Asks: 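Once you've had a glance at the structure underneath, I'll fire off some questions.
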Amino acid sequence: MGVNQRAAESAASRQCANADQSLINDPLIGQILLRQASLTERQLADALAAQRAQQARQKLGRILVEGGVVSESDVLRAVAQQYGVPYIERISVEQSGRAILTGLRLEFLHKRSLLPFRDGDGKVLIAMADPLDVEAFDTVANVLQEPCRRAACPVAAIEDALSHCYYQDDASASQALDELDVNHDIARISMSAKAEDLLDLAQRAPIIKLVNTVLFQAVRSRASDVHVEPYEQELKIRFRIDGVLHDRLSAPSQYAAALASRLKIMASLDIAEHRLPQDGRTRIKIGDKEVDIRVSTIPTAAGERVVLRLLDATTARRSLGELGFPPEGERQFRRLIQMSHGIILLTGPTGSGKTTTLYAALSELNTEELNILTVEDPIEYRLTGVGQMQVQPKVELTFANSLRHILRQDPDVIMVGEIRDLETAEIAIRAALTGHLVFSTLHTNDSASAVTRLLDMDIEPYLVSSSVMAIIAQRLVRVICPECKCAYTPSEGVLATLGVDAGQGAIELCRGTGCAECLGTGYRGRTGIFEMLLVDEEIRGLVMERAGSNIIKQCAIARGLRTLRQDGVQKVLAGLTTVEEVLRVTQDEAIGYEE
């Protein structure tokens with residue numbers, strides 16, 4: 001295309017922009033916000049005074065947003081009305097696509113917060129966080145070489161759509177693999193896997209794009225872990241979603257070294273060390289969401305195996321009401337955490353949601369009147385207003401040593417990540433007996449087993465009975481996907497498994513048929529099932545007698561304890577989860593199951 005034609009199209013783009021500006025309905029954005037948003041005359045006057053006092057005047061809308069007076073969407077709606085351009089709340093998956101972005105750099109689109117897409121009539125709209133950025137508009141219009149119109153759109157919606165365009169599907173990962181020069185790059189790895197060779201390859205665009213794509217897909221899939229597993233003939237990447245692993249990508253085994261090196265660079269690990277396990281952390285931002293990543297590497301016969309634990313801060317901000325407690329159980333738990341002293345223990349295997357429950361309890365208690373301190377290994381989420389200590393065994397900063405020093409910090413509430421040994425248990429009990437509320441965890445299968453576990457550590461029965469206030473066992477079950485949820489009539493065998501009398505009349509249960517939203521599994525998200533053992537006078541008497549866990553549990557059941565299986569059955573009858581899920585996570589309460 002000739003230079004004159006390009007210049008003509010650029011002029012046409014400017015005319016389009018100027019035409020938009022000629023459609024101004026109200027030249028004063030403040031007046032529009034007074035009518036449409038919760039803006040007062042006084043707030044507007046203060047913002048205008050602040051604007052006049054600035055040497056390099058900031059836009060009025062930005063001053064109002066930064067002052068918390070109005071939202072970004074309020075300002076964008078006002079700008080859209082002022083300049084006669086449409087306002088778009090979000091860009092749908094169907095509208096956004098890679099084809100229209102050819103020739104446009106991702107960095108430019110991110111920096112200027114804009115994204116071109118086609119509307120229902122096939123015409124080009126450019127979604128812009130700043131519709132007055134005429135220079136950026138002209139640049140995109142020149143590259144696309146067709147008529148364009150502006151649209152006001154929030155930054156978060158643009159970032160979300162951009163991420164979806166560039167990293168949306170498995171084809172993006174496959175394209176990144178194809179862009180690597182197999183004949184040259186992989187041959188270099190095979191011939192000389194030196195640190196500098198791997199560093200060079202790990203910094204190349206296709207490998208970086210592959211890692212970005214995998215991480216984006218993991219976050220979008222709600223994965224808690226990403227497994228990078230090298231084998232003799234292939235490299236597998238698997239996501240753990242709702243507690244279950246799913247295969248997501250396979251590649252030739254030669255890519256393993258470059259991929260592991262890229263992940264180690266991100267986590268500030270030593271890429272030259274392949275013989276020893278390493279642990280590190282990094283953080284990524286996808287759209288407006290920040291995700292912490294815990295990186296663990298171990299050497300295997302086929303290469304380094306890498307596991308990424310994705311720590312989404314929104315998980316730590318769950319309230320007690322979102323955990324899955326039954327109403328009466330939630331009321332009991334709230335009463336427990338308001339106590340001034342004692343130990344509350346959470347039990348269950350790794351990945352049963354104990355940390356989330358502990359953080360929810362601490363968040364409930366986190367007020368300026370209380371001094372809350374924790375000892376964790378590792379610190380998974382940062383809690384504002386809570387003093388968190390990281391255990392470091394290499395410098396002898398163990399749970400016991402940390403807890404001993406924490407007691408000198410005048411705490412009101414203490415959280416110990418895990419009671420692993422006699423010394424830690426003794427200090428935690430001493431803290432509970434001297435007026436502190438202590439939260440901690442034990443790895444036992446049910447609530448009653450925690451008592452015998454403490455006694456097996458050589459803790460005296462009178463110390464256990466006088467300090468432990470409650471023991472809560474928990475598991476996580478997958479929730480039926482709401483998009484493909486359907487009802488069915490269970491067989492008599494299933495009802496017998498649930499302990500439901502088939503003579504009570506027709507009973508309907510629910511299950512998921514599988515859809516795109518749940519990756520064909522029929523489940524989306526997880527909730528907790530709980531078993532709460534309250535240590536009352538009768539239970540204390542059994543502890544003093546060193547009674548076995550079975551006797552303690554039977555006594556608690558007689559006094560109203562709802563077991564994990566029973567709590568799970570209630571969630572099945574409520575249509576939240578399935579029979580299979582409850583049986584899967586409560587196998588220790590195994591009952592004959594007949595389909």
Side-chain angles (χ1 to χ4, degrees), residues 93 160 163-164 166-177 207-231 234-253 255-256 258-260 262-264 266-267 279-287 289-298 300 302-315 349-353 355-356 380-381 476-481 483-484 512 514-527 581 584-585:
V93 174
D160 185 68
S163 297
H164 188 274
Y166 278 88
Y167 306 123
Q168 60 181 327
D169 48 32
D170 294 335
S172 302
S174 300
Q175 181 184 358
L177 289 173
I207 278 290
I208 294 174
K209 181 179 178 182
L210 173 61
V211 170
N212 291 347
T213 301
V214 168
L215 292 176
F216 175 79
Q217 291 179 7
V219 171
R220 277 305 180 85
S221 302
R222 302 170 293 103
S224 60
D225 302 86
V226 177
H227 291 241
V228 181
E229 305 170 353
Y231 297 100
E234 66 174 340
L235 170 69
K236 273 191 174 183
I237 296 179
R238 299 197 288 172
F239 294 171
R240 186 177 295 280
I241 303 172
D242 295 332
V244 178
L245 282 169
H246 300 267
D247 287 345
R248 293 310 301 266
L249 181 66
S250 293
S253 59
Y255 291 104
L259 191 57
R262 177 61 195 167
L263 293 171
K264 288 163 77 174
M266 292 175 62
D279 294 299
R281 296 182 79 108
T282 186
R283 174 177 291 186
I284 62 171
K285 185 173 183 180
I286 295 179
K289 176 183 286 190
E290 286 193 356
V291 180
D292 284 319
I293 302 177
R294 204 166 70 219
V295 182
S296 172
T297 73
I298 61 170
T300 67
E304 284 186 284
R305 188 184 184 111
V306 185
V307 174
L308 311 175
R309 168 64 59 89
L310 307 181
L311 304 171
D312 186 351
T314 57
T315 303
T350 300
S352 59
T355 300
T356 301
E380 294 196 359
Y381 303 103
L476 291 176
V477 294
R478 291 183 289 176
V479 175
I480 300 171
C481 174
E483 300 297 326
C484 59
C515 63
E517 289 295 320
C518 61
L519 304 177
T521 63
Y523 300 98
R524 183 175 174 83
R526 290 190 290 178
T527 190
E581 267 299 285
R584 179 178 69 86
V585 301

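Quick caveat: nothing in here was measured; it's all calculated off a predicted structure.
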Asks: For residues V219 and I284, report the shortest heavy-atom separation together with the two atoms involved.
Replies: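 Heavy-atom minimum between the residues: CG2-CD1, 4.4 Å.
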Asks: Can you list everything that forms a side-chain contact (heavy atoms from CB on, under 4.5 Å) with R222? Sequence neighbours excluded, please.
Replies: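 With sequence neighbours excluded, R222 shows a side-chain contact (heavy atoms from CB on, under 4.5 Å) to I241, D242, R524, given in chain and number order.
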Asks: Could you tell me which residues satisfy side chain to side chain donor-acceptor pair (under 3.5 Å) with D247, sequence neighbours excluded, listed by chain and number?
Replies: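 Checked D247 against side chain to side chain donor-acceptor pair (under 3.5 Å); zero matches.
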Asks: Taking only residues two or more places apart in sequence or in another chain, which ones pass side-chain contact (heavy atoms from CB on, under 4.5 Å) with A256?
Replies: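 For A256 the side-chain contact (heavy atoms from CB on, under 4.5 Å) partners, ignoring immediate neighbours, are P230, L235.
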Asks: Can you give me the closest heavy-atom contact between L310 and A223, atom names plus distance?
Replies: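 Minimum heavy-atom contact is CD1-O, 3.5 Å.
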Asks: Within a strict 4.5 Å, meaning less than it, do heavy atoms of the V244 and R478 side chains meet?
Replies: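 Touching, per the 4.5 Å side-chain cut-off.
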Asks: Check side chain to side chain donor-acceptor pair (under 3.5 Å) between R584 and all other residues, then give those that pass, not counting sequence neighbours.
Replies: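 Only E581 meet the side chain to side chain donor-acceptor pair (under 3.5 Å) criterion with R584.
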Asks: State, yes or no, whether a side-chain contact exists between F239 and V214 at a heavy-atom distance under 4.5 Å.
Replies: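 With C-beta onward as the side chain, the pair touches.
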Asks: From R294 CZ over to E380 CD, what is the distance, rounded to the nearest 0.5 angstrom?
Replies: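 One finds 5.0 Å between CZ of R294 and CD of E380.
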Asks: Can you check whether M266 reaches L215 side chain to side chain, under 4.5 Å on heavy atoms?
Replies: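 In short, these two side chains touch, coming nearer than 4.5 Å.
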Asks: Under the rule for side chain to side chain donor-acceptor pair (under 3.5 Å), what residues qualify as partners of S221, not counting sequence neighbours?
Replies: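 Expected list: R248.
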Asks: Going by side-chain contact (heavy atoms from CB on, under 4.5 Å), name the residues that satisfy it together with V307, two or more places apart in sequence or in a different chain.
Replies: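 So V307 forms a side-chain contact (heavy atoms from CB on, under 4.5 Å) with D225, H227.
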Asks: I'd like to know whether R262 forms a side-chain contact (heavy atoms from CB on, under 4.5 Å) with L210, so could you lay out the CA-CA distance, the side-chain angles of the two residues, the decisive distance to 0.1 Å, and finally the verdict.
Replies: CA-CA 10 Å; R262 177 61 195 167; L210 173 61; over 6 Å; no
Asks: Show your reasoning for whether side-chain contact (heavy atoms from CB on, under 4.5 Å) applies to D292 and Y381.
Replies: CA-CA 8 Å; D292 284 319; Y381 303 103; 6.0 Å; no
Asks: Minimum heavy-atom separation for G522 and C484, please, with both atom names.
Replies: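 Answer, listing the atom of G522 first, then C484: CA-SG, 4.2 Å.
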Asks: What residues, two or more places apart in sequence or in another chain, satisfy salt bridge (charged side-chain N to carboxylate O under 4.0 Å, His left out) together with E229?
Replies: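 Result, salt bridge (charged side-chain N to carboxylate O under 4.0 Å, His left out) vs E229: R238, R305.
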Asks: Taking only residues two or more places apart in sequence, or in another chain, which ones meet E304 in a salt bridge (charged side-chain N to carboxylate O under 4.0 Å, His left out)?
Replies: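 Result, salt bridge (charged side-chain N to carboxylate O under 4.0 Å, His left out) vs E304: K264.
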Asks: Can you name the residues that form a side-chain contact (heavy atoms from CB on, under 4.5 Å) with L476, not counting sequence neighbours?
Replies: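 Once residues adjacent in sequence are excluded, the partners of L476 under the side-chain contact (heavy atoms from CB on, under 4.5 Å) criterion are R526.
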Asks: What's the verdict on side-chain contact (heavy atoms from CB on, under 4.5 Å) for K236 and S250, showing C-alpha distance, side-chain angles and the deciding distance?
Replies: CA-CA 5 Å; K236 273 191 174 183; S250 293; 4.2 Å; yes
Asks: Can you name the one residue among V211, L259, L249, T297 that meets side chain to side chain contact (heavy atoms under 4.5 Å, CB included) with V228?
Replies: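 Only one of V211, L259, L249, T297 forms a side chain to side chain contact (heavy atoms under 4.5 Å, CB included) with V228, namely L259.
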Asks: S296: what forms a side chain to side chain donor-acceptor pair (under 3.5 Å) with it, not counting sequence neighbours?
Replies: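 Partners of S296 under the side chain to side chain donor-acceptor pair (under 3.5 Å) test: D279.
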Asks: List for me each residue that meets salt bridge (charged side-chain N to carboxylate O under 4.0 Å, His left out) alongside R220, sequence neighbours excluded, and say none if there are none.
Replies: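 If we apply the salt bridge (charged side-chain N to carboxylate O under 4.0 Å, His left out) test to R220, skipping adjacent residues, the hits are D160.
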Asks: State, with a plain yes or no, whether a side-chain heavy atom of I293 is found less than 4.5 Å away from one of V226.
Replies: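 Not touching, per the 4.5 Å side-chain cut-off.
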